[in-house]
Amino acid sequence: MLALSIACTAAAGAWLYLVAAHGGYWRTSQRLPRVTAEPDAWPDVVAVVPARNEAEMLPVTLPALLGQEYPGSLSVIVVDDGSSDGTGEVAAKLAAGSARPLRVISGAPQPDGERWAGKVWAMAQGLRAAGPGSDGYVLFTDADIACEARTLRRLVAAAEGDDQDLVSQMALLRTATGWERVVVPAFVYFFAQLYPFRRVNVPGSRTAAAAGGCMLVRRGALEKAGGLAPIRGALIDDVAMGRMIKRQRGRCWLGVTRQVVSVRPYPRLASLWQMVARSAYTQLRYSPVLLAGTLTGLLFLYALPPAGAITGLAAVLAGGDGATGAAALTLGAGLAGWALMSLSYLPMLRLYRLSPLRAPGLPLIALLYAAMTADSARRHYAGRGAEWRGRTNLR
């Protein structure tokens with residue numbers, strides 16, 4: 001019991017650090033301000049939408065993109081990335097009734113000898129189709145992302161007003177089903193724990209990230225970096241984009257929003273499992289050491305406090321074994337760590353408009369994520385790593 005009490009005390013101390021000093025990762029306060037000052041001249045924007053088998057998504061999302069209330073020039077390029085469901089034809093039909101120009105280009109094979117991640121290669125083709133130029137912005141967005149009508153206006157105003165090279169918003173993912181409500185808020189919570197948004201937004205800080213569903217990038221910054229070639233093999237393209245921009249001393253901003261939403265359904269646990277497992281081991285750079293450390297860290301931070309609280313409570317109630325002091329310490333430290341963990345999860349639940357009563361269940365969700373991460377490693381060694389939408393992304 002003494003060893004358990006020491007471990008629980010250490011876990012409670014770790015949670016105290018995370019809540020008080022880890023970049024305020026658990027807060028959801030990093031949001032674009034309302035536009036109060038607009039640019040004298042609105043720059044041109046080209047939106048690039050990589051789309052693979054997205055015929056069902058585009059009729060929901062593409063009209064929202066084409067209908068942006070943006071005062072400047074906006075053109076859209078949809079890259080049909082080898083679809084087999086008529087994605088290109090659907091996009092072309094949607095373009096017919098739009099006042100905004102939209103081009104649909106068919107994805108081309110990669111150059112011999114080069115290895116690109118599938119999505120990044122599609123993004124690069126869209127960027128090339130946009131033509132050369134260092135003025136204006138490129139909006140990289142996904143085919144399942146729907147934006148409120150003034151979203152682009154606010155993104156550009158923020159980039160111009162604060163001289164940002166990359167402005168990105170974490171899309172609000174769907175939480176319509178029971179499993180979505182369990183897994184999705186925690187997905188964003190864990191992402192923010194890895195990359196605290198407040199630290200991302202500090203110029204010159206080493207923390208860099210973005211959210212791939214909504215990335216507004218200054219074209220001059222892309223030109224300076226040499227396009228997307230430096231991140232061509234990145235399976236986690238948004239984090240790689242943030243790092244690329246920061247390496248050249250660019251300014252990045254990342255925040256949360258309710259105005260950019262993903263409409264993609266994840267009706268069953270299997271689809272959510274695939275969403276996480278396809279890139280979890282990639283995030284760990286395919287390192288068994290990092291995998292072991294991550295799984296140990298998840299158990300230490302998330303499983304140990306409730307286990308200690310329950311074990312300590314049982315020992316205190318039983319009494320009479322001479323270990324009451326250690327049992328009480330285990331109970332107190334376990335409850336403290338569990339409480340801090342639960343409190344840190346409340347803002348994310350509030351963002352998703354879910355009951356705060358879900359917060360104490362975060363340890364169980366963390367165990368689920370640990371299983372997904374272990375399975376991601378298993379898939380990698382089985383030759384099925386990064387498999388998504390019918391293909392292995394690195395090709």
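Side-chain polar atoms of R379 and Q274 form a donor-acceptor pair below 3.5 angstrom. One side chain, Y137 or E160, offers a donor N or O that lies under 3.5 Å from an acceptor on the other. Remark: the W273 side chain and the D375 side chain contain an N/O donor-acceptor pair separated by less than 3.5 Å. For the residue pair Y281 / Y381, a side-chain donor-acceptor distance below 3.5 Å is found, with atom types taken as modelled. Between the side chains of D80 and T87, not a single donor N or O lies within less than 3.5 Å of an accepting N or O. A donor-acceptor contact closer than 3.5 angstrom links the side chains of Y25 and Y189. Counted by atom type alone, E180 and Y266 present zero donor-acceptor pairs between their side chains at under 3.5 Å.
Counting non-hydrogen atoms of neighbouring residues, nucleotides and ligands closer than 6.0 angstrom, the CD atom of Q259 exceeds 12 such neighbours. Under a cut-off of 6.0 angstrom, the local environment of CZ in R31 is crowded, with over 12 non-hydrogen atoms contributed by other residues, nucleotides or ligands.
Checked against W15 for a ring pair (Phe, Tyr, Trp, His ring centres under 6.0 Å), the options Y345, Y302, W338 give a single hit: Y302.
Distance alone, capped at 3.5 Å, is enough to place a donor-acceptor pair between the K246 side chain and the S205 backbone. At least one donor-acceptor pair closer than 3.5 Å links the side chain of R100 to the backbone N or O of Q68. Listed for the T296 side chain is no donor-acceptor partner under 3.5 Å among the backbone atoms of G293. Of the possible polar contacts, none joining the R198 side chain to the Q30 backbone as a donor-acceptor pair under 3.5 Å is found.
Aromatic pair F191/Y195: centroids less than 6.0 angstrom apart.
Note: H380 and Y286 have parallel aromatic rings, judged against thresholds of 30 and 60 degrees for the angle between ring planes.
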Margin query: Let's go through Y70 and T151 carefully: what are the C-alpha distance in whole Å and the side-chain angles of both, what is the deciding distance for side-chain hydrogen bond (donor to acceptor under 3.5 Å, both in side chains) to 0.1 Å, and is it a yes or a no?
Written below: CA-CA 9 Å; Y70 182 64; T151 297; over 6 Å; no

